[in-house]
Each structure stands twice: as structure tokens, then as C-alpha cells.
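Below you'll find the structure, written out as C-alpha cells, and then a few comments.
Computed from a predicted model, the values in this text were never measured in an experiment. Just the heavy atoms: all of them, side chains too, but no hydrogens, waters or symmetry mates, feed the values below. Numbers restart at 1 for each chain; the letters A, B, ... are given by sequence-line order, proteins then strands.
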There are 2 protein chains.
Amino acid sequence: MTFNDLISGAMTSAGQVRNEPVQARSSERIDALLDAASAVVAEVGIERLTTAMVAERAGASIGTVYRYFPDRIAVLAAMSLRGFERFLRKSVEKLEEHPPATVDDVFSALIDACVQMHRDEPGFTSIRLGDQIALPAVDGGTAASARIAGSLATIVSAELGVADDGSLAGRFDIALTVLDALLVRAFVIDSAGDEQAIAACRAVVAGYLAEAPVAA
Amino acid sequence: MTFNDLISGAMTSAGQVRNEPVQARSSERIDALLDAASAVVAEVGIERLTTAMVAERAGASIGTVYRYFPDRIAVLAAMSLRGFERFLRKSVEKLEEHPPATVDDVFSALIDACVQMHRDEPGFTSIRLGDQIALPAVDGGTAASARIAGSLATIVSAELGVADDGSLAGRFDIALTVLDALLVRAFVIDSAGDEQAIAACRAVVAGYLAEAPVAA
DNA sequence: TGGTCACCGATCGGAACTCGATCATCGCGG
DNA sequence: CCGCGATGATCGAGTTCCGATCGGTGACCA
């Protein structure tokens, strides 16, 4: 089991399109629609996004939006899931580029990936890493950070030889929750990312992970 | 300056009603509308709330909703602000009932108040303590936790004699951000509040505050 | 008691979403 | 290799539903 397995284990059906693309132009169209949705959220926020804005920004027709997404909320959910998957891919990229030696290295890579998402993915600060589009239909099993934490604990145990008394997944879930919240804070303070706030995120997460396990 | 000053310093105009109530029935109606909005968010989520649902649930007419709120998002913003204010009031209540001796006591009271909000205030787990309705029109000065942190730092310095090298407000802002995120997690895991997750929130916040200051 | 506040719901504009017509792509058979 | 037909993709007018308004009526309070 490698870091790459983080991705397949964490995806849900909640943000998938209604018709899986067959032709290349269809795949490209979906990406364009989600790029458009991201840009609209970055500009006006989640609540004010309309499907007409998305269609217009994507250079498509309203009917094309509804070919792939059953409704407005499905567009937001797909955007959220795409962001989540992209975060995972960047994380895996970094973890495979510079194999971590410690848990702290692992989370350092996750923070780097998440900072990059906030900087490169319009609207990510609004949509964040999480579940707010899906709430209240989320529980401890389906929450975004929980979907990563279990696999990550398994992989970290195996790859780094970290002992797991059963609490590692919970601790990672907490660390991911804190990471997401503090990076949103860093990008709310400064849309380019407040460096002190990012540094503080690193310190808080590292400090937490360095402690002896607490029941999660 | 007392803990009670936390409240006046943290409020914004962003969630205020369009017509301030004059008659008692008007105040009661606004409360009923916001109670209704909370119930609807708890059931269907933020995105699916409609003003018709709010009117119906409140036993009012659609025109009554628009007497007090210019639009749908203003209803959500008012609900969010009311939650935030109620959290502050519960916090101040607890802090005045049992005067804290340490920063940890202060945050313990804040956690108790926030847990109580999640339990007693429908929809609070969706709307949380934060700014998501207002995003992206939020910055480091207007963010919810930042609006508390400055006053709290001043009060804690004065009341508890805690030394402040200028970083206390930032540290409190971080602690509040973490507190909010980890309690949302606790109530996502279990809608009654997962006790282990709540305990973990206490430990993480206490652990962070016990450390030597890090630039925020 | 009268002026002001509060409420209602019919109405209209705008957003969400549908569906039938049309266009584009691709694989297969000649 | 090319033409054709089946399938996929797109569009936007039309329909439905939601957001928001406004004029008429009722309630409150000084």
C-alpha cells in the first residue's frame, strides 16, 4: 500500500457527474464547467453562484450544465470533490518526490499541498477541504478528513514503521481538521496566504503530532 | 473591561435586519424567523434553504420574511450572527459564573459554551462559528474568531495578569479557529457530540495554549 | 383615536431545470 | 480509405419554481 492509495480510498460518489464522459470534448467540457464554477465561487461566494454564471463563464449553454449536473448543488459538490482529489494528488506527488522519514514530514507535505491548492485553485478558500456543501448529510465515516485519515494511518504505519495503538487514524483526522481550518484562516487574512499564519499552522500541527496520543 | 465587553466588540452589521423592531411582536417574529431558519438548515442544509421554507416553518408569510431581510443570504447571515452572539453570551455567562484563573480555564469555558451551542442550536454544526456565509468578503480583521481574539487578549491580560508580548490575540485567534473546527468535527461524528472528539478538542486547545508563543 | 408599525399573499421577475431539435464524433462495413 | 449511421454532445426556448415586491388591510401604542 503506497501513498497513491490515499486517492482511491478517499473519493465518494457525492460529487460525481450524472453522465460519465465518453468523448474527449465531454471531459474537457466538464473541466471547463468546474473551472468556471471555481472562478465564480472565488468572485461571488458559494451562495451567490448561479448555474447561468457557470455556463456563461465556461462558454457553454445552460443545457450543457444540466447534461452533467442534476442541479446547482451538484455543481458545488463536484467542485468540492475535484478540489479534494487535487489536494490528494498534490500530496501524493510531494510524498513520492521527497519520501518522508517522519510523521511531521508527511504533514509538512500535506500542508504544502494545501497551501498550493489555496493559491492555485480559485474558490478553494471558500469551498475548503471539507464537507460544508454536503452538510448535514455527513457523519464520522464520510467526512473528508476522516476519509483520508484511515488510509494515511495504515500507510504511515507500514512505510515509516510508526507504531499504531489504534489511535493513529483519529489523530490524523484531528491533524487534518486543524490543518484545513488554520490554512483557511491564513488565506482569509491574506488572499495570497499570510506567511505567519501558515507557519503557525505548521507549528500547531507539528506540536499536536509530537505529543503522546490522546484518545480521538 | 470585562468579559461582557467581548460581545459588543465582536458584532458586525453583516447579519443585521433591514428594519429594527419597534413593537414586541416584531422582535418575537424575527426570533421566530431565525429559529425557523435554524431548523431548516439543520434538516436540509444551508444550500437547500428557501425563504418559503423559512416563512412556512415560522408560521409567517413570505412578505414578513422580506420585511426584515433583504434576501435569502441575509437570512443566513443573520442566523449566523445570532449563533455567534449566543455563543458569546453563553461564554460570558460561564466566565462570570466561574471566574477563570488561567487561560486554560477561559478556553474551557469557551468550549463548554460552543458544545452547548452545537447541542441546543439547530443548524449550528452547519453554520458553525464562522464566516462561510460571508466568504469571500472576509479578511483577517472581520473574521469571526479574530473579532473575539483581540478583546479576549486584552481582557485576559487585564483580568488574569497574563503577559502579552503582542502575540496573545493571534494565539487566541488560532485557538478559537481550532476549537471551532474540532467541535464541528465532534458533532459531525455524532450529532449529539462525540465525547472523545470533544475531549480531543480540549486537549489540542490546551496543548496549544500551554506552549511558548509562536508568531501568529 | 389616529398615526405608525406589522402582516399578508397575489404578482412578477429571475433562477433552476427540462426537453426536443440539431450538430459533432466515432466506429464499422463495404 | 471513405461514407454512413448510431451515439454522444450541445443548445436555448420554454416551463416550473423560487426570490423578492408592493399595495391593501390589520394591530399596536401613545
Side-chain angles (χ1 to χ4, degrees), chain A residues 14-41 43-80 123 126-127 133-134, chain B residues 14-41 43-80 123 133-134:
Chain A
Q16 291 180 338
V17 299
R18 79 198 299 182
N19 290 310
E20 280 300 314
V22 173
Q23 296 178 14
R25 63 176 176 159
S26 182
S27 297
E28 286 154 14
R29 180 67 89 185
I30 293 170
D31 279 342
L33 289 169
L34 294 177
D35 287 346
S38 294
V40 170
V41 166
E43 281 172 32
V44 302
I46 289 169
E47 297 310 318
R48 290 189 173 86
L49 173 140
T50 70
T51 46
M53 289 174 183
V54 174
E56 188 183 349
R57 178 59 80 98
S61 161
I62 196 64
T64 304
V65 174
Y66 286 97
R67 175 176 166 79
Y68 299 112
F69 305 101
D71 55 34
R72 174 182 171 278
I73 295 174
V75 177
L76 291 164
M79 183 197 147
S80 175
S126 293
I127 209 83
I133 302 304
Chain B
Q16 289 181 340
V17 299
R18 81 198 297 180
N19 292 310
E20 279 300 314
V22 173
Q23 296 179 13
R25 61 177 176 158
S26 180
S27 298
E28 287 156 13
R29 180 66 90 185
I30 294 171
D31 279 341
L33 289 170
L34 295 177
D35 287 345
S38 294
V40 171
V41 167
E43 282 171 33
V44 303
I46 289 169
E47 296 310 317
R48 290 191 172 88
L49 174 140
T50 70
T51 47
M53 290 176 182
V54 174
E56 188 184 348
R57 177 60 80 98
S61 161
I62 196 65
T64 303
V65 174
Y66 288 97
R67 174 175 168 80
Y68 299 111
F69 306 102
D71 55 38
R72 173 182 170 276
I73 295 175
V75 175
L76 290 165
M79 179 197 149
S80 175
I133 302 302

Base-contact (B) and sugar-phosphate-only (S) positions in nucleotides 8-13 of chain D, heavy-atom cut-off under 4.0 Å, - elsewhere: BBBBBB
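- With sequence neighbours excluded, the residues forming a side chain to side chain contact (heavy atoms under 4.5 Å, CB included) with A:R67 are A:N19, listed by chain and number.
- The nearest whole Å value for the distance from the CE atom in B:M53 to the C1' atom in D:dC17 is 11 Å.
- The CD atom of A:E47 lies 5.0 Å from the CZ atom of B:R72; values are rounded to the nearest 0.5 Å.
- Per the geometry, CD belonging to B:E28 stands 14 Å off C1' belonging to C:dC7, to the nearest Å.
- Summarising the local packing, CZ of B:R18 is surrounded by more than 12 heavy atoms from other residues, nucleotides or ligands at distances under 6.0 Å.
- Atom-to-atom, CD of A:E56 to P of C:dG14 comes out at 15 Å; the value is rounded to the nearest Å.
- When the C1' atom of C:dA15 is taken as reference, atom CD of B:E47 falls 14 Å away, rounded to whole Å.
- Regarding A:I73, its CD1 atom lies at a distance of 13 Å from the C1' atom of C:dC17, rounded to whole Å.
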Verdict with supporting geometry, A:F69 and A:T51, side-chain contact (heavy atoms from CB on, under 4.5 Å): CA-CA 10 Å; A:F69 305 101; A:T51 46; over 6 Å; no
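- The shortest distance between the side-chain N/O atoms of A:T51 and the OP1/OP2 oxygens of C:dA16 is below 4.0 Å.
- Across the protein-nucleic acid pair, A:L49 atom CG and C:dA16 atom C1' stand 12 Å apart, rounded to whole Å.
- The nearest whole Å value for the distance from the OH atom in B:Y66 to the P atom in C:dG13 is 16 Å.
- Taking the side chain as every heavy atom from C-beta outward, A:V75 and A:L33 never approach each other to under 4.5 Å.
- Rounded to whole angstrom, the span from the CZ atom of B:F69 across to the C1' atom of D:dA20 amounts to 14 Å.
- Between B:I62 atom CD1 and B:T50 atom OG1 the span is 7.5 Å, to the nearest 0.5 Å.
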